[in-house]
K.L.:
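One structure follows; several queries about it will come next.
This structure is a prediction, so every number in the text was calculated from the model and none was measured.
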Amino acid sequence: GDKFTSDFIAKGSVGVLEDMLTNSGSPAAELRALTGLTSLYTLKTGRANILGKQLICRKISILLSGNQAPLKAQALLCTANMMEDTAVQAVLASQGVISSLITLLNSPQTATKRAALRCLLLLAKNPDHIAELKRMHTKDVLLPLLQDSEEAEVSSQANILYSMVL
């Protein structure tokens, strides 16, 4: 519960997880740390301690563009949770997350495309990020998704985002 989370955070757990994520060099340890941070982030008491931590955001950006599928999936889940906060959006954007998300639109996995689109749509609602989304030629990457006959939700979200970045 929340009491456990408060105690856990008070004992410096965020720093330990951050260190494990950024310095372990072990994909298994990174996955455990990122899973822990994602779980903590969904709780109000955890969010304030993780918000805007550049090291965490930088590592998430690296993992999003990496080739470790479980880490990439967890990084995407964490990004989706964090995108709801505009202050964190700015930190994530400064660490290169936008280009990683755009690259994920080419994923063969529908769930990955959907999650990346959801994150990019949240970014596109913030005028600060529209220029960057346009500069990165997001619309060109979206073109094949507009006609995705197998996945209506992807096609629908791609169309909305396309109209925002034209």
Side-chain angles (χ1 to χ4, degrees), residues 5 9 13-15 17-23 30-31 33-107 109-143 145-146 153-166:
T5 308
I9 290 167
S13 63
V14 172
L17 289 171
E18 180 180 6
D19 186 56
M20 205 167 132
L21 178 66
T22 56
N23 297 320
E30 289 175 355
L31 183 60
L34 192 56
T35 303
L37 286 167
T38 305
S39 299
L40 276 178
Y41 190 83
T42 58
L43 303 164
K44 203 175 206 147
T45 44
R47 186 166 299 159
N49 288 274
I50 297 169
L51 277 179
K53 284 203 171 244
Q54 278 204 321
L55 275 176
I56 293 174
C57 292
R58 182 176 304 126
K59 186 64 179 188
I60 285 171
S61 180
I62 291 166
L63 295 174
L64 281 174
S65 55
N67 54 10
Q68 299 267 347
L71 276 168
K72 188 181 281 198
Q74 189 63 43
L76 192 52
L77 180 63
C78 195
T79 303
N81 286 338
M82 295 169 94
M83 272 300 160
E84 292 171 18
D85 189 292
T86 52
V88 179
Q89 281 182 4
V91 179
L92 284 165
S94 76
Q95 299 306 317
V97 165
I98 294 176
S99 64
S100 300
L101 289 169
I102 292 169
T103 304
L104 290 175
L105 294 176
N106 295 318
S107 169
Q109 284 137 342
T110 301
T112 302
K113 278 190 250 195
R114 254 200 314 258
L117 274 166
R118 198 166 50 249
C119 292
L120 288 165
L121 279 165
L122 284 168
L123 280 168
K125 288 179 183 169
N126 182 338
D128 297 345
H129 302 299
I130 287 287
E132 188 170 1
L133 286 166
K134 287 180 178 180
R135 190 175 48 75
M136 293 187 166
H137 304 290
T138 307
K139 65 178 176 39
D140 300 338
V141 181
L142 288 169
L143 278 172
L145 301 181
L146 299 179
E153 187 187 342
V154 167
S155 177
S156 160
Q157 287 184 331
N159 275 289
I160 294 166
L161 184 58
Y162 188 81
S163 67
M164 296 168 92
V165 297
L166 265 180

K.L.:
What are the two closest non-hydrogen atoms of Leu104 and Ala116, and how far apart are they?
P.N.:
CB-CB, 3.9 Å
K.L.:
Donor-acceptor pair, distance only, cut-off 3.5 Å: does the side chain of Ser61 make one with the backbone of Gln95?
P.N.:
yes
K.L.:
Work out which heavy atom in Gln157 is nearest to a heavy atom in Leu117; give both atom names and the distance.
P.N.:
OE1-CB, 3.6 Å
K.L.:
Return the set of residues passing side chain to side chain contact (heavy atoms under 4.5 Å, CB included) with Thr35 (not counting sequence neighbours), or none when no residue passes.
P.N.:
Leu31, Gln74
K.L.:
Which is it for Val141 and Thr103 under the side chain to side chain contact (heavy atoms under 4.5 Å, CB included) test, yes or no, and what are the steps along the way?
P.N.:
CA-CA 8 Å; Val141 181; Thr103 304; over 6 Å; no
K.L.:
Suppose we screen for side chain to side chain donor-acceptor pair (under 3.5 Å). Which residues come up paired with Asp128, at least two apart in sequence or across chains?
P.N.:
none
K.L.:
On a heavy-atom basis, which atom in Ala115 and which in Leu76 lie closest, and how many Å separate them?
P.N.:
CB-CD2, 3.5 Å
K.L.:
I need the Glu132 CD to Ile98 CD1 distance, nearest 0.5 Å.
P.N.:
3.5 Å
K.L.:
Got Glu30 and Met20 here, is their nearest side-chain heavy-atom distance under 4.5 Å?
P.N.:
no
K.L.:
For residues Thr22 and Lys59, report the shortest heavy-atom separation together with the two atoms involved.
P.N.:
CG2-CB, 4.1 Å
K.L.:
Can any side-chain N or O of Thr138 pair as donor or acceptor with the backbone N or O of Leu133 at less than 3.5 Å?
P.N.:
yes
K.L.:
When you look at Leu64 and Leu71, which way does the side chain to side chain contact (heavy atoms under 4.5 Å, CB included) test go after all the steps?
P.N.:
CA-CA 8 Å; Leu64 281 174; Leu71 276 168; over 6 Å; no
K.L.:
Show me the donor-acceptor pairs within less than 3.5 Å that the side chains of residues 158-166 make with the rest of the protein, sequence neighbours left out.
P.N.:
| residue | atom | partner | partner atom | Å |
| --- | --- | --- | --- | --- |
| Asn159 | ND2 | Ser155 | O | 2.8 |
| Ser163 | OG | Ile160 | O | 2.7 |

K.L.:
Closest approach of Glu18 and Lys53, non-hydrogen atoms and distance?
P.N.:
OE1-NZ, 3.2 Å
K.L.:
How far apart are the C-alpha atoms of Gln54 and Ser94, what are their side-chain angles, what is the distance that settles it, and do they pass the side chain to side chain contact (heavy atoms under 4.5 Å, CB included) test?
P.N.:
CA-CA 9 Å; Gln54 278 204 321; Ser94 76; 4.0 Å; yes
K.L.:
Which heavy-atom pair separates Asn81 from Thr38 by the least distance, and what is that distance?
P.N.:
ND2-CG2, 3.4 Å
K.L.:
Indicate yes or no: at least one non-hydrogen side-chain atom of Val97 is less than 4.5 angstrom from one of Cys57.
P.N.:
no
K.L.:
Kindly indicate, with the supporting measurements, whether the criterion side chain to side chain contact (heavy atoms under 4.5 Å, CB included) is fulfilled by Met83 and Thr79.
P.N.:
CA-CA 6 Å; Met83 272 300 160; Thr79 303; 3.7 Å; yes
